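Notes follow the structure.
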Amino acid sequence: MKKVYILAAIAALITGALLYFYLQSLNAQTEVPTADIVIATTDIAPYTRISAEMLGVKTVEQGTQHPQSLTDPREAIGLVSSGMLVAGEALLSSKLKSIGESQDGLSLLVPDGMRAISVAVDGVSGIAGFLRQNDRVDVLVTIELPYTKDDGAEAFEMTTTLVAGNIRVLATGRDIADTLTEEGDPAGYELVTLLVTPQQAADVAFAMQEGRMTLVLRSVTDDQEKSVIDVDRKTMAEQRQTDI
């Protein structure tokens, strides 16, 4: 009789162990893979710079997230929302833009502290239509500048002077893109938009109003600041004498 109890106890232990491992295997089979996605924790208006306080992380079932969902808040911090984002909405890479790089709008190409200004050009002052986005130019103006004559009287002399150097071209005409046609010929434009500092914007605006502006194209590898001597009739004559 004693043997019967012992055998029954052993059978019960074996049965319990088998049931435990069976239930564990069922749990393992029912575990669903998950993934983390970045969500907005508050409503975010269009063209708002994303900060860490606006973001959270949500765990979802693997495979249910949008292919463009961000997985790390650090991917979104510093970017700008291109549209309205509501609290709880997943952040998608297509709805966030990088300042200074995005082609979706001119304002997104202007970094903080900088300005965009458009200048009117023609075939000569606009480099014959060959300017392209991200080219670098110097801005010259030919204008009447005051000077003091030998007898102390004030007079004006036509002078060409540098207004701003090493300026990035943001756009030509209305296109924030390549300005060559499909055949490789330069496309026509009457406006060139430049990226400048606020002070340079004021200088360029005054130069447009008071003189004739000319854009001078730089080499793609030339980003050095260079001093330029103002040129008038006297300095040009002196330079010609030196060259001779």
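No experiment lies behind these values; they were computed from the predicted model shown. As a basis for the values below, the full set of heavy atoms in this structure was taken, side chains included, without hydrogen atoms, waters or symmetry mates.
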Quick check: does any side chain N or O of [X] sit under 3.5 Å from a backbone N or O of [Y], one acting as donor and the other as acceptor?
{"X": "Thr221", "Y": "Ser219", "value": "no"}
{"X": "Gln133", "Y": "Ala171", "value": "no"}
{"X": "Ser81", "Y": "Ala45", "value": "yes"}
{"X": "Tyr189", "Y": "Val121", "value": "no"}
{"X": "Asp138", "Y": "Asn166", "value": "yes"}
{"X": "Arg115", "Y": "Val196", "value": "no"}
{"X": "Asp36", "Y": "Thr71", "value": "no"}
{"X": "Ser82", "Y": "Lys95", "value": "yes"}
{"X": "Asp222", "Y": "Gln224", "value": "yes"}

Rounded at 0.5 Å granularity, tell me how far [atom1] in [X] sits from [atom2] in [Y].
{"X": "Thr59", "Y": "Ile39", "atom1": "OG1", "atom2": "CD1", "value": "9.5 Å"}
{"X": "Leu194", "Y": "Leu215", "atom1": "CG", "atom2": "CG", "value": "6.0 Å"}
{"X": "Met208", "Y": "Ser118", "atom1": "CE", "atom2": "OG", "value": "8.0 Å"}
{"X": "Leu91", "Y": "Ile44", "atom1": "CG", "atom2": "CD1", "value": "5.5 Å"}
{"X": "Lys97", "Y": "Ser107", "atom1": "NZ", "atom2": "OG", "value": "12.0 Å"}
{"X": "Gln68", "Y": "Ile37", "atom1": "CD", "atom2": "CD1", "value": "13.0 Å"}

Would you find more than 12 non-hydrogen atoms of other residues, nucleotides or ligands less than 6.0 Å from Gln62 atom CD?
-> yes
I want to check something: taking the side chain as every heavy atom from C-beta on, are [X] and [Y] in contact at a cut-off of under 4.5 Å?
{"X": "Val137", "Y": "Leu131", "result": "yes"}
{"X": "Val204", "Y": "Val119", "result": "yes"}
{"X": "Ile50", "Y": "Pro73", "result": "no"}
{"X": "Gln200", "Y": "Val163", "result": "no"}
{"X": "Val110", "Y": "Leu195", "result": "yes"}
{"X": "Leu170", "Y": "Leu106", "result": "yes"}
{"X": "Leu92", "Y": "Leu70", "result": "no"}
{"X": "Val192", "Y": "Val169", "result": "yes"}

Would [X] and [Y] pass as an ion pair if we require N to O under 4.0 Å?
{"X": "Arg136", "Y": "Asp223", "result": "no"}
{"X": "Asp122", "Y": "Arg212", "result": "yes"}
{"X": "Arg49", "Y": "Asp112", "result": "yes"}

Which heavy-atom pair separates Ala76 from Leu55 by the least distance, and what is that distance?
-> CB-CD1, 4.0 Å
Closest non-hydrogen atom pair between Thr193 and Ala116, with its separation = CG2-CB, 4.0 Å
Would you please name every residue forming a side chain to side chain contact (heavy atoms under 4.5 Å, CB included) with [X], sequence neighbours left out?
{"X": "Glu61", "value": "Val32, Thr64"}
{"X": "Ile143", "value": "Val141, Leu145, Phe206, Glu210"}
{"X": "Glu144", "value": "Phe156, Met158"}

When clusters are formed by joining ILVMFWY residues with side-chain heavy atoms under 4.5 Å apart, either directly or through shared neighbours, do Tyr47 and Met84 land in the same one?
-> no
Hydrophobic cluster identity match, Leu217 and Ile117, side-chain contacts under 4.5 Å = yes
Evaluate the side chain to side chain donor-acceptor pair (under 3.5 Å) criterion for residues Glu53 and Ser51: first the C-alpha distance (whole Å), next the side-chain angles of each, then the deciding distance (0.1 Å), finally the verdict.
-> CA-CA 5 Å; Glu53 295 75 19; Ser51 63; 3.1 Å; yes
Paired with Met54, the side chain to side chain contact (heavy atoms under 4.5 Å, CB included) test is passed by just one of Ile77, Thr48, Leu85, namely Thr48
Check whether the side chains of Thr142 and Thr160 place a donor and an acceptor atom closer than 3.5 Å, and report yes or no.
-> yes
